[in-house]
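A quick note: this is a predicted structure, and the numbers were derived from the prediction, not measured. Values below: all heavy atoms of this structure, side chains included; hydrogens, waters and symmetry mates excluded.
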Amino acid sequence: MNDSLSDPDKSYSIEHRVIHPDGAERVVYEQGEVFFDLGRRPVRMIGTVHDITEQKWREEELKRPSTRSRS
């Protein structure tokens with residue numbers, strides 16, 4: 001994101017955790033772009049945030065070895 005704040009030609013994308021006050025944890029993916037004024041100072045950020053928590057849980061489940069016995 002730092003590159004996007006200094007270069008008008010770069011958008012940003014980032015994945016991070018959000019911890020709610022009740023302790024619930026979510027994983028989100030953000031992407032967007034930064035808009036600059038004529039002096040090349042960042043003045044606005046526009047983008048989207050997607051909750052990808054369940055996708056991340058499924059990915060982690062697939063990485064774990066199966067605990068079921070095979071017959």
Point to revise | Verify same cluster id: V18, V49 (apolar side-chain graph, 4.5 Å) | key: yes
Review point. Is the number of heavy atoms from other residues, nucleotides or ligands under 6.0 Å of E25 CD greater than 12?
Key: yes
Practice item. Decide salt bridge (Lys or Arg N to Asp or Glu O under 4.0 Å) for E60 and K63; before the verdict, give the C-alpha distance in whole Å, the side-chain angles of both, and the deciding distance to 0.1 Å. Key: CA-CA 5 Å; E60 289 301 316; K63 289 179 186 176; 3.5 Å; yes
Practice item. Ignoring hydrogens and angles, state whether a donor on the side chain of E30 or H50 is under 3.5 Å from an acceptor on the partner side chain. Key: no
Practice item. Salt-bridge test for K56 and E15: reply yes if a basic N is under 4.0 Å from a carboxylate O, no otherwise. Key: yes
Check your understanding: Could you state the interatomic distance from CZ (R58) to CD (Q55), rounded to the nearest 0.5 Å?
Key -> 6.5 Å
Which donor-acceptor pairs under 3.5 Å do the side chains of residues 35-47 make with protein atoms, sequence neighbours left out?
residue : atom : partner : partner atom : Å
D37     : OD1  : G39     : N            : 2.9
D37     : OD1  : R40     : N            : 3.2
D37     : OD1  : R41     : N            : 2.9
D37     : OD2  : R41     : NE           : 3.1
D37     : OD2  : R41     : NH2          : 3.0

Point to revise | Point-to-point distance, once rounded to the nearest 0.5 Å, from OG1 of T48 to OH of Y29 | key: 7.5 Å
Review point. Is the side chain of S11 donor-acceptor paired with the backbone N or O of E33 at a distance under 3.5 Å, no angle test?
Key: no
Exercise for review: Determine, step by step, whether R26 and H20 satisfy the side chain to side chain contact (heavy atoms under 4.5 Å, CB included) criterion, reporting the C-alpha distance in whole Å, the side-chain angles of both residues, the deciding distance to 0.1 Å, and the verdict.
Suggested key: CA-CA 8 Å; R26 306 304 288 175; H20 290 266; 3.5 Å; yes
